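The structure appears right after this line, and notes come after that.
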Amino acid sequence: MQITIEVNNRKIKAEKGETILSALNRNGILIPTLCRMRDFTPTGACRMCVVEVEGRDRLVTACSQPVEEWMRIMTHSQRVIRSRKTIVELLLSNHPDDCLYCNRNLNCELQRLAEELNINERRIRGKKIQMRLDQSSHSVVRELSKCILCGRCIRVCDEIVTATTLGFLNRGKTAHVGTAMDRDFNFSSCLNCGQCILVCPTGALHEKHNTTEVMESLNRDNVTNVICYSPAVPCAVAEIMGLKYSKEFDLVLNAVLRQIGFDKVYNCGFATDLYIDKAARSLYSSVKEGRRETTYLSACPAWLKYAEQKLPGEIGSLSTLKIPQQIAGAIVKGVVAEDISGGNSEIFTVSVTPCTGMKFESRRDGMTRKGVSDIDAVITVTELSRLIRLFGVDITSPSGEPADAPMNIRSSSALLTEVSGGYTEAIVRSLMHLSGSGEPEKKIFRKLRNNHGFRDLSLAIGDEQYSFAIVDGLHSLERLNAEISGGKSYDIVEVMVCPSGCVHGGGLAFFSSKEVLRTRARQIYATEESEAVNTASRSPALLSFYEEYGDFSDERGEILHTKYNARDVLL
Amino acid sequence: MTDSVEKIVSSYKSGRREDLIPILQKIQEAVGYIPEEAIVAIGNKLKISTTKIYGLATFYDQFRFFPQGKIHITICNGTTCYINGASDVIEAVREFVGTEPGDTSRDKLFSYEVTTCVGGCHSSPVILVNGEYHAPVTPESISEMLSKLRVVIENE
Ligand code: SF4
Ligand code: SF4
Ligand code: FES
Ligand code: FES
C-alpha cells in the first residue's frame, strides 16, 4: 500500500512497511550507511544513517525504522549532518591513517564517507592503539587497527557462511573482532572462504598477498615460471578492468601473462576436466559393479576444511581427488616437469583463482613432491589485476594467443563448474558420454541452474538411475540432511561454501548487489553455450594427454589423490 | 574434562542461551577460571559457537581464562583510584608480572586483574593481594612488595 510522507518539505510516496532508507533511496535521496548490508535484517548499530523525524527527540536510524504515514523527515539538517560527521570523526580518531599504503586505498568506504561528509580537519584526537596484525592464515589477513567495528564480517560469517568464526571480543577500548579464545586465524574455525573480505568497508580484512613471491620468481634466473588460471579468471579480470567479456579474452589473457614474463601459461580448466572425467568414471564403474555410495565432491577448499572440522564422520565419503588447482600443480611438477623446464633446475608454479581458500589448499599436507610444493603461489583475480597494472600491460592491445600444451584447452564443462551446480552438470554430461547416451537435453539442467540453496536431480543415464544433490552454501546442508533422513540417497553431493559458487569467490572484485552474481553466472552460461566441446571427457587436450602420458588409472594415479584428516579447532 | 565442569554443564537443559552467564559463573566459582574445555562443553550444550561464548565472557570483567597465579593481584581502577594514579599502579604491576590483565605469568606465580571500585576509596589507590587490602600504594611500594613476595614463594 502506498503512503505519503514528507521529506525535506517535499511530499514523497513510500510503501507501507518499507524502511525510511529504502523510501528515500527510491526518491533520489542518498544518505550514508555503514553497518547496513543489503539482504540482511538491519541492526541500527552504527547510527551513520540517522535522520531527523519531527516529534522524536532522538535522531532515527533510517536503515531500520519503517516509514509511517505521519512522518516529516529531515535528511540533511545541520543536526543530522553534524551527528554523522561526528561518528566518522570518532572512527578516524584512532585510525592508523596509512591510506597510501593500504590495500583498500581509493576503494575504502571510510575514506569515501570522510570525503562525502567534507571532513577536512582533525577535530578529535584519539590514542592510536597498536592492534594485532594477524598474518597467520594462508588466506585472510586481519589488520585489527583498521577495523571500525561495523560487525559486517561477523554477520556474513554467521548468516551466510555459517562458520561462526568471528565475534566481538572484550569491551570498551580493547573491543575488537576475533575468534574463539582470541586465537590467530590459522588456529580458528575459519574456512578461508573470504566472504568477510568482500563485506569489510576498510582494509581490516584482505587476502594474504602472494604477489611479492611471484615477482621475485619472475626476476630469478634459471627458473621456469609457470602460471595456470581457473576457468573464471579471464571473465573476472575483464570485469575488474571494465571490459566486456567474450571467450576471445581467454586468448588475450594468455598473451598478457606471457608479456608479464611467464614462460608457460596453462588453462587450469584442463585439470578441472580431468577431475570431472575421473569423478564420472569412478561413479560409472562403481554403479556398474553395483556399489552405491555417496561421494561428496572435493572441489571447494572451504568445504573440505568444514568437513574436516565439523563432520569427521563424512571424511571417508569425500572424494579423494585433489582440487583441480592441485591436480594442475601435480601434473606440472610430477609429469611434464622435464619437458618444460628447458634445462632449468627449478619450476615455480603460480595459480590464479577467484578463491582465497585455494591459498590454504596449496599449503595443505600432501600437496608437495619431494618437499617442494606443487603450487608455489596462489594469487587471486584481484592480485592478478594489480600485477597487470604494475607491469603496465594495456589489456586491450595484445591479440590472442593459445595457452601451452598439454594444458592448453578446457571443455565448456570446466567453465560451468565456476557456478554452483556446474560440477553436477559436468559429471552428468560425462556420464552420458561414457554410457553412449548421446548429448543431454538442455532442459534437464534447468532445475540445477540459477537457484540458490538446495537442488537435487535424479535421472536415468544409460541403464542406470543416478541421483545428485547440490548444496549451494552451507545453509543447505540442513535440507540435504532432511532429504537423506527422508529416505533419499545420492551418488554425488556437490558442496560449495560461497552461495552461487566460485563466481562469488572472496578473491573477486567487490560488489554491492546480488545482481552482479547473476550477471557473472549469466556470462558463464552464455559463453559455455557458444563453445564447441561441452563434455570434459571429450576434451581434445585431455584425450591427447592421456595418449601421451597415460590415463593415470594405474598406481601413478596416486598423484591425483590425497586424503583428509579430522581437524581439531574450536567450533 | 574436569569433573566439576562436566557436572555443572550437564545440570543445565540443552539449547537455552539464557543460561550462558549463570553457567560461566558457576564454572568460574568451581574451577577459578573458565577453561577452554568448558567453553567447548557449553557450546555443545547450548548450541552456541565458542567464539560467541568467548565474546560474551570477555565482555564482563568477572571472567578469566587462565588459572590464577599463586599470587593474584586485584588492582582497583574505580573513579577515585583512577584519579589518584591507578594507571601508574597498573603499569607497575604489568611490568612486574609481564603479562596483560587476566593472564598469568609464565612461571605461574603471578596474575592480576583490573576491577571497578572495591570500596576502599578513602585510602586510594587500592590493590588486593590474594584478597588482602593494601592501600594506599605507589608504583614503587608495589614493586618492592612484589619482589619480596617473589623471594618468599620461590623459597617455599
Ligand atoms: S574467511 Fe569465511 S569462514 Fe573465515 S572468517 Fe571470513 S567469512 Fe568466516
Ligand atoms: S573487520 Fe571490517 S567488516 Fe569486520 S567489523 Fe571490522 S571493519 Fe567491519
Ligand atoms: S547503517 Fe543504519 S545504523 Fe548503521
Ligand atoms: S575507586 Fe578504588 S576503592 Fe573505590
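Per chain, numbering begins at 1; letters A, B, ... match sequence-line order. Nothing here was measured: the structure is a model prediction, and the numbers come from that model.
When all heavy atoms of A/Cys355 and A/Thr380 are compared, the closest pair comes out as O-CG2, 4.5 Å. Nearest heavy atoms, A/Ser137 versus A/Asn192: OG-OD1, 3.6 Å.
When the side chain to side chain donor-acceptor pair (under 3.5 Å) test is applied to A/Glu143, the partners found at least two apart in sequence or on another chain are A/Lys146, A/His206. A/Glu207 meets the salt bridge (Lys or Arg N to Asp or Glu O under 4.0 Å) test with no other residue; sequence neighbours excluded.
Sequence neighbours left out, not one pair with a member in residues 187-206 of chain A passes salt bridge (Lys or Arg N to Asp or Glu O under 4.0 Å).
At a 4.5 Å heavy-atom cutoff, the contact between A/Leu570 and chain B is made by backbone and side-chain atoms alike. Of the two parts of B/Ile39, only the side chain, counted from C-beta on, holds a non-hydrogen atom closer than 4.5 Å to a non-hydrogen atom of chain A.
The local environment of CZ in A/Phe187 is sparse, with at most 12 non-hydrogen atoms from other residues, nucleotides or ligands closer than 6.0 Å.
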May I have a table of the donor-acceptor pairs connecting chain A and chain B at distances under 3.5 Å?
unit_1: A/Asp158; atom_1: OD1; unit_2: B/Lys52; atom_2: NZ; d: 3.2
unit_1: A/Asp158; atom_1: OD2; unit_2: B/Lys52; atom_2: NZ; d: 2.9
unit_1: A/Thr164; atom_1: O; unit_2: B/Ser49; atom_2: OG; d: 3.3
unit_1: A/Thr164; atom_1: O; unit_2: B/Thr51; atom_2: OG1; d: 3.4
unit_1: A/Thr165; atom_1: O; unit_2: B/Thr51; atom_2: OG1; d: 2.9
unit_1: A/Leu166; atom_1: O; unit_2: B/Lys52; atom_2: NZ; d: 2.5
unit_1: A/Asn170; atom_1: N; unit_2: B/Thr58; atom_2: OG1; d: 2.8
unit_1: A/Arg171; atom_1: NE; unit_2: B/Phe59; atom_2: O; d: 2.6
unit_1: A/Arg171; atom_1: NH2; unit_2: B/Phe59; atom_2: O; d: 3.3
unit_1: A/Arg171; atom_1: NH2; unit_2: B/Asp61; atom_2: OD1; d: 3.4
unit_1: A/Arg171; atom_1: NH2; unit_2: B/Asp61; atom_2: OD2; d: 3.2
unit_1: A/Ala180; atom_1: N; unit_2: B/Thr51; atom_2: OG1; d: 3.3
unit_1: A/Arg183; atom_1: NH2; unit_2: B/Glu36; atom_2: OE1; d: 2.5
unit_1: A/Arg183; atom_1: NH2; unit_2: B/Glu36; atom_2: OE2; d: 3.1
unit_1: A/Leu571; atom_1: O; unit_2: B/Thr50; atom_2: N; d: 2.9
unit_1: A/Leu571; atom_1: O; unit_2: B/Thr50; atom_2: OG1; d: 2.7

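Between A/Glu89 and A/Arg125, no side-chain nitrogen of the basic residue sits less than 4.0 Å from a carboxylate oxygen of the acidic one, so the salt-bridge criterion is not met.
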